[in-house]
There are 2 protein chains.
Amino acid sequence: MSLPHAILTALLEKPSSGLELTRRFDRSIGYFWSATHQQIYRELGKLEADGLIRALPAEQPTRGQKKSYEVLPAGRAELARWTAASQDPKPHRDALLLRLRAAAVVGTAGLEADLRRHLELHERQLAEYQEIDRRDFPPGRDTTEDRLRHLVLQAGIDLETFWTQWLRRALADVAALPDDEPARPA
Amino acid sequence: MSLPHAILTALLEKPSSGLELTRRFDRSIGYFWSATHQQIYRELGKLEADGLIRALPAEQPTRGQKKSYEVLPAGRAELARWTAASQDPKPHRDALLLRLRAAAVVGTAGLEADLRRHLELHERQLAEYQEIDRRDFPPGRDTTEDRLRHLVLQAGIDLETFWTQWLRRALADVAALPDDEPARPA
DNA sequence: ACGGTTTATGCAACTAGTTGCACAAGGTGA
DNA sequence: TCACCTTGTGCAACTAGTTGCATAAACCGT
């Protein structure tokens, strides 16, 4: 149950409309908690119904009109409660590792190209993180907020670094395999 | 749609009953694709209905009786197809990073203890992986299967190594923060 | 002033995963 | 011999996330 809290955090950082939130989820926030616009709108509705956020006054907030939300005290309290409570880590699922394991049984056909594609994606993501690092975290700032946010970004950078390294290694290993065995017949 | 393929892989490695699969998902397979026993039973039913696996002949496979499954040629073919097809990486979600970001806004109360708990969990997991590495991958083997499986294990080891390092750093950073600011009042 | 694109909000149906419980068989100790 | 525990299978209801589509206003060129 983290999406509402992700939204509360985002709204506390800056009151926004659904679409603005969607964009921010595509960028910074989505790097560790992604959500589609439908999820976001639905959740905004719930949060408003629960009295945790409210729509900022606007003319006629009908369809096609921007509607911005801000966090109410009850929302901040709920976020603080959630943040302080300890939670068990949810199990991760990684389809790529699963596929590698499957490839050990049914053959590696098609795998190399996809490993390369993943490598490119992670390289691009890493570059983006490093750009954010350079742009948003110049040396010499250290408010509590900056430090915590930088810590999160650093996790992103380190994770992408790990993946690019691992994928390079995987590619080298897969390339060195005996030329594609067709997975002994069923 | 990876669970059926995770099960096919597991069954190809060794035909098993639902409960045996559940146990294996708690161990090795679950490290990158977890599933509960209910998911597994449901999926076994579907896979059987689709003709991808079949129950091994047993006396009376009623309730309370073990029922083992093996993969049929159609199942192997489907797994091979899935493995070879490229897939977009699913977005990852990490509640801990989200909480850290929330903590930047509403305060770090309670966070340190939980970071420590996560650190312990990851240390334990890392130790377990290293044990598997020692036990199941003695030097000098290199069938294609061994290499691929080792690659997957290596990803696990590297990931846990990353997390333990990052968490230690996060703990040091959080400890160095000005004594818990109560998140300027709403 | 009309047709197309972009911006913005949202519903409905679906898929995947989780939680809570039920039930049956077999073994184990009192 | 019967109460209880473990093993093994499974249903039902729920929660979370995804996909596909609908709608409406605003902006923009021709």
Side-chain angles (χ1 to χ4, degrees), chain A residues 1-8 10-11 15-26 29-30 32-50 53-56 58-69 82 87-95 98, chain B residues 1-8 10-11 15-26 29-30 32-50 53-56 58-69 82 87-95 98:
Chain A
M1 266 255 303
S2 303
L3 177 58
H5 303 100
I7 291 179
L8 287 172
L11 286 181
S16 312
S17 68
L19 191 69
E20 281 165 342
L21 276 179
T22 303
R23 292 208 220 287
R24 291 169 61 202
F25 268 80
D26 283 344
I29 301 157
F32 48 90
W33 204 274
S34 72
T36 62
H37 71 111
Q38 290 88 345
Q39 270 181 286
I40 289 169
Y41 283 120
R42 208 192 315 170
E43 204 59 47
L44 283 172
K46 278 191 214 160
L47 288 169
E48 190 178 22
D50 292 352
I53 63 175
R54 72 161 174 195
L56 286 174
E59 305 76 271
Q60 55 268 26
T62 51
R63 277 170 164 262
Q65 288 295 115
K66 247 193 200 178
K67 195 161 61 170
S68 275
Y69 293 91
W82 178 81
Q87 295 163 236
D88 289 329
K90 287 266 167 258
H92 34 273
R93 297 193 165 90
D94 191 306
L98 182 58
Chain B
M1 264 254 301
S2 303
L3 177 58
H5 303 100
I7 291 179
L8 287 172
L11 287 181
S16 313
S17 68
L19 191 69
E20 282 165 339
L21 276 180
T22 302
R23 292 209 219 287
R24 291 168 61 201
F25 268 80
D26 284 343
I29 301 156
F32 48 89
W33 204 275
S34 72
T36 62
H37 70 109
Q38 290 87 344
Q39 270 182 286
I40 289 169
Y41 283 120
R42 210 193 310 170
E43 204 59 48
L44 283 172
K46 277 191 215 162
L47 288 169
E48 192 180 19
D50 292 351
I53 62 175
R54 72 161 174 195
L56 286 175
E59 303 77 88
Q60 56 267 25
T62 52
R63 276 169 166 261
Q65 289 294 114
K66 244 191 200 175
K67 196 160 62 167
S68 277
Y69 292 90
W82 178 81
Q87 294 163 235
D88 288 328
K90 287 265 166 260
H92 32 275
R93 296 193 165 92
D94 191 306
L98 181 58

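The figures here come from the full heavy-atom set of this structure, side chains too, leaving out hydrogens, waters and symmetry mates.
- Applying the side-chain contact (heavy atoms from CB on, under 4.5 Å) criterion to B:Gln38, with sequence neighbours excluded, gives B:Thr36.
- Per the geometry, CD belonging to A:Glu43 stands 16 Å off C1' belonging to C:dC11, to the nearest Å.
- Looking at residues two or more places apart in sequence or on another chain, you find a salt bridge (Lys or Arg N to Asp or Glu O under 4.0 Å) between A:Arg24 and A:Glu13.
- With sequence neighbours left out, the ring-ring contact (aromatic ring centres under 6.0 Å, His included) criterion links A:Trp33 to no other residue.
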### Summary
A correct 5'-to-3' footprint of nucleotides 13-18 of chain D, with B, S and - meaning base, sugar-phosphate only and no protein heavy atom under 4.0 Å, is B--SBB
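- Rounding to whole angstrom units, NE2 of residue A:His37 and P of D:dT19 are separated by 11 Å.
- Annotation: side chain to side chain donor-acceptor pair (under 3.5 Å) contacts of B:Ser17 (sequence neighbours excluded): B:Glu20.
- Residues passing the side chain to side chain donor-acceptor pair (under 3.5 Å) test with A:His5 are A:Glu78, sequence neighbours excluded.
- Scored by the side-chain contact (heavy atoms from CB on, under 4.5 Å) test, B:Pro91 finds A:Ser34 as partners (sequence neighbours excluded).
- Across every non-hydrogen atom of B:Phe25 and B:Ile40, the tightest pair is CD1-CD1, 3.7 Å.
- For the pair A:Leu21 and A:Ala10, the tightest heavy-atom approach, listed with the atom from each and the gap, is CD2-CB, 3.6 Å.
- Spacing between atom CD1 of B:Ile40 and atom P of D:dC11 amounts to 15 Å, rounded to whole angstrom units.
- Atom CG in B:Asp88 sits about 14 Å away from atom C1' in D:dT19, given to the nearest Å.
- Over its full length, the helix from C:dA1-D:dT30 to C:dA30-D:dT1 turns its helical axis through 10°, comparing axes from the five pairs at each end and rounding to 10°.
- Considering NE2 of A:His92 and CZ of B:Arg93, their distance stands at 16.0 Å, rounded to 0.5 Å.
- With rounding to the nearest 0.5 angstrom, the CD1 atom of B:Ile7 is 5.0 Å from the CD atom of B:Glu43.
- By the side chain to side chain donor-acceptor pair (under 3.5 Å) test, A:Glu48 pairs with no residue at all, sequence neighbours left out.
- We find that CG of A:Leu44 is positioned 14 Å from P of C:dA8, with the value rounded to whole Å.
- At a non-hydrogen distance threshold of 4.0 Å, A:Ser17, A:Gly18, A:Leu19, A:Arg23 from residues 16-23 of chain A come into contact with DNA chain C.
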